[in-house]
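Below, read A as the first sequence line, B as the second, and so on, with proteins coming before strands; counting in each chain starts at 1. In this text, all values refer to a predicted model and were calculated from it rather than measured experimentally.
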Amino acid sequence: MSSYDAIYAVVRRIPKGRVATYGQVAELAGLPGQARLVGYALYRVDMQHPDIPWQRVVNAKGKISHSVFRHGTDYAQRSLLEAEGIHFTASARIDLSVYRWNPAET
DNA sequence: AATTTGACCATAA
DNA sequence: GTTATGGCCAAAT
(Lines give C-alpha, C1' and ligand atoms only; values in the text may rest on other atoms or scores of the structure.)
Protein backbone atom coordinates (compact mmCIF):
# COMPACT_ATOMS: atom_id res chain seq x y z
CA MET A 1 0.00 0.00 0.00
CA SER A 2 1.47 3.27 -1.05
CA SER A 3 0.97 6.53 0.75
CA TYR A 4 -1.32 7.63 -2.01
CA ASP A 5 -3.74 4.82 -1.31
CA ALA A 6 -4.10 6.08 2.24
CA ILE A 7 -4.85 9.52 0.86
CA TYR A 8 -7.51 8.17 -1.45
CA ALA A 9 -9.09 6.28 1.42
CA VAL A 10 -9.25 9.39 3.57
CA VAL A 11 -10.73 11.54 0.84
CA ARG A 12 -13.36 8.90 0.21
CA ARG A 13 -14.28 9.09 3.89
CA ILE A 14 -15.10 12.78 3.82
CA PRO A 15 -18.77 12.96 4.71
CA LYS A 16 -21.25 14.72 2.51
CA GLY A 17 -21.65 18.37 3.32
CA ARG A 18 -18.15 18.62 4.73
CA VAL A 19 -14.80 19.61 3.35
CA ALA A 20 -11.24 18.88 4.40
CA THR A 21 -8.05 20.77 3.81
CA TYR A 22 -5.06 19.18 2.12
CA GLY A 23 -3.08 19.39 5.32
CA GLN A 24 -5.84 17.69 7.24
CA VAL A 25 -6.16 14.87 4.76
CA ALA A 26 -2.42 14.41 4.81
CA GLU A 27 -2.42 14.07 8.54
CA LEU A 28 -5.27 11.59 8.57
CA ALA A 29 -3.56 9.60 5.87
CA GLY A 30 -0.51 9.20 8.05
CA LEU A 31 1.51 11.83 6.23
CA PRO A 32 1.85 14.59 8.81
CA GLY A 33 2.78 17.88 7.29
CA GLN A 34 2.81 16.50 3.78
CA ALA A 35 -0.14 18.40 2.39
CA ARG A 36 1.67 18.49 -0.90
CA LEU A 37 1.48 14.78 -1.37
CA VAL A 38 -2.28 15.00 -1.19
CA GLY A 39 -2.27 17.46 -4.03
CA TYR A 40 0.15 15.34 -5.98
CA ALA A 41 -1.93 12.26 -5.40
CA LEU A 42 -5.26 13.81 -6.23
CA TYR A 43 -3.92 14.97 -9.56
CA ARG A 44 -3.53 11.40 -10.76
CA VAL A 45 -6.54 10.06 -8.95
CA ASP A 46 -9.63 9.93 -11.05
CA MET A 47 -8.00 7.90 -13.76
CA GLN A 48 -8.00 4.99 -11.35
CA HIS A 49 -10.34 6.21 -8.61
CA PRO A 50 -13.35 7.85 -10.25
CA ASP A 51 -15.46 7.71 -7.08
CA ILE A 52 -13.33 10.08 -5.07
CA PRO A 53 -15.03 13.37 -4.16
CA TRP A 54 -11.84 15.25 -4.81
CA GLN A 55 -13.64 18.54 -4.90
CA ARG A 56 -14.40 18.21 -1.19
CA VAL A 57 -10.72 18.69 -0.56
CA VAL A 58 -9.87 22.37 -0.51
CA ASN A 59 -6.72 24.29 0.19
CA ALA A 60 -5.91 26.15 3.40
CA LYS A 61 -7.69 29.23 2.16
CA GLY A 62 -10.90 27.27 1.78
CA LYS A 63 -10.78 27.53 -1.98
CA ILE A 64 -11.18 24.85 -4.58
CA SER A 65 -7.97 23.92 -6.27
CA HIS A 66 -7.64 24.49 -9.96
CA SER A 67 -6.13 22.30 -12.55
CA VAL A 68 -5.84 22.37 -16.30
CA PHE A 69 -7.14 18.83 -16.19
CA ARG A 70 -10.46 20.05 -14.80
CA HIS A 71 -10.68 22.61 -17.58
CA GLY A 72 -13.14 24.86 -15.78
CA THR A 73 -15.29 22.12 -14.32
CA ASP A 74 -14.43 23.54 -10.93
CA TYR A 75 -17.38 25.83 -11.40
CA ALA A 76 -19.75 22.91 -11.80
CA GLN A 77 -18.27 21.09 -8.85
CA ARG A 78 -18.76 24.16 -6.74
CA SER A 79 -22.45 23.83 -7.43
CA LEU A 80 -22.33 20.24 -6.24
CA LEU A 81 -20.80 21.36 -2.97
CA GLU A 82 -23.49 23.97 -2.61
CA ALA A 83 -26.03 21.22 -3.17
CA GLU A 84 -24.53 19.44 -0.20
CA GLY A 85 -25.24 22.45 1.95
CA ILE A 86 -21.85 24.09 1.76
CA HIS A 87 -22.05 27.83 1.51
CA PHE A 88 -19.44 29.82 -0.36
CA THR A 89 -18.42 33.28 0.72
CA ALA A 90 -18.41 36.29 -1.55
CA SER A 91 -14.76 35.55 -2.30
CA ALA A 92 -15.72 32.06 -3.55
CA ARG A 93 -14.24 30.59 -0.41
CA ILE A 94 -15.60 28.16 2.15
CA ASP A 95 -15.91 28.84 5.86
CA LEU A 96 -13.51 26.24 7.09
CA SER A 97 -14.43 26.97 10.68
CA VAL A 98 -17.92 25.76 9.83
CA TYR A 99 -17.59 23.10 7.14
CA ARG A 100 -14.22 21.62 7.99
CA TRP A 101 -14.62 17.88 8.47
CA ASN A 102 -14.19 16.67 12.01
CA PRO A 103 -13.02 13.04 11.73
CA ALA A 104 -13.80 12.44 15.38
CA GLU A 105 -17.53 12.89 14.98
CA THR A 106 -18.00 10.26 12.31
C1' DA B 1 17.47 4.65 -15.62
C1' DA B 2 17.21 9.73 -14.91
C1' DT B 3 14.58 13.83 -15.13
C1' DT B 4 10.36 16.36 -14.98
C1' DT B 5 6.16 17.52 -12.99
C1' DG B 6 2.20 18.17 -10.33
C1' DA B 7 -4.52 20.05 -6.84
C1' DC B 8 -0.03 22.54 -1.07
C1' DC B 9 1.22 24.94 3.47
C1' DA B 10 3.59 27.89 6.55
C1' DT B 11 6.61 31.50 7.28
C1' DA B 12 8.92 35.77 6.14
C1' DA B 13 9.64 40.16 3.97
C1' DG C 1 -2.95 42.21 0.26
C1' DT C 2 1.51 40.14 -2.58
C1' DT C 3 5.83 37.37 -3.70
C1' DA C 4 9.42 34.12 -2.50
C1' DT C 5 11.36 29.80 -0.30
C1' DG C 6 11.84 25.30 1.77
C1' DG C 7 10.12 20.74 2.59
C1' DC C 8 8.24 16.06 0.61
C1' DC C 9 6.46 11.69 -2.90
C1' DA C 10 4.96 8.91 -6.85
C1' DA C 11 3.75 8.58 -11.66
C1' DA C 12 4.76 9.95 -16.42
C1' DT C 13 8.01 10.86 -20.10
Identify the pairs formed between an N or O of the protein and an N or O of nucleotides 10-13 of chain B at a distance under 3.5 Å, and give each distance.
none

Ring of A:Tyr22, cation from A:Arg36 - is the NZ or CZ under 6.0 Å from the centre and inside 45° of the axis?
no
What nitrogen or oxygen pairs link the protein and nucleotides 8-11 of chain C at under 3.5 Å?
residue : atom : partner : partner atom : Å
C:dC8   : O4'  : A:Gln34 : OE1          : 3.2
C:dC8   : N3   : A:Arg36 : NH1          : 2.9
C:dC9   : O2   : A:Tyr4  : OH           : 3.3
C:dA10  : O4'  : A:Tyr4  : OH           : 3.2
C:dA11  : O4'  : A:Arg44 : NE           : 3.4

Distance check, P atoms only: C:dT13 and B:dA7, in whole angstrom units.
15 Å
Please answer whether the main-chain N or O of A:Lys61 pairs with a side-chain N or O of A:Asn59 as donor and acceptor at a distance below 3.5 Å.
yes
I'd like to check A:Arg78 versus A:Phe88 (side-chain heavy atoms, cut-off strictly below 4.5 Å). Are they in contact?
yes
Could you check how far NZ of A:Lys63 sits from C1' of C:dG1, rounded to whole Å?
13 Å
Can you find a pair of side-chain heavy atoms, one from A:Asp95 and one from A:Thr89, that are under 4.5 Å apart?
yes
Rounded to whole Å, the OH-P distance (A:Tyr22 to B:dA7) equals 9 Å
With a 3.5 Å cut-off and sequence neighbours excluded, list the donor-acceptor pairs that the side chains of residues 2-14 of chain A form with protein atoms.
residue : atom : partner : partner atom : Å
A:Ser2  : OG   : A:Asp5  : OD2          : 3.3
A:Asp5  : OD2  : A:Ser2  : N            : 3.2
A:Arg12 : NH2  : A:His49 : ND1          : 3.3

Taking CG from A:Leu28 and P from B:dC8, how many angstroms apart are they, rounded to a whole number?
19 Å
Please examine the side chains of A:Lys16 and A:Arg56, heavy atoms only from C-beta on, and report whether any two atoms are closer than 4.5 Å.
yes
Just the rounded figure in Å: distance from C1' of B:dC9 to CZ of A:Arg100.
13 Å
Following the transitive rule for hydrophobic clusters with a side-chain heavy-atom cut-off under 4.5 Å over Ile, Leu, Val, Met, Phe, Trp and Tyr, establish whether A:Val98 and A:Leu81 coincide in one cluster.
yes
Ion pair A:Arg18/A:Glu84, N-O distance below 4.0 Å:
no
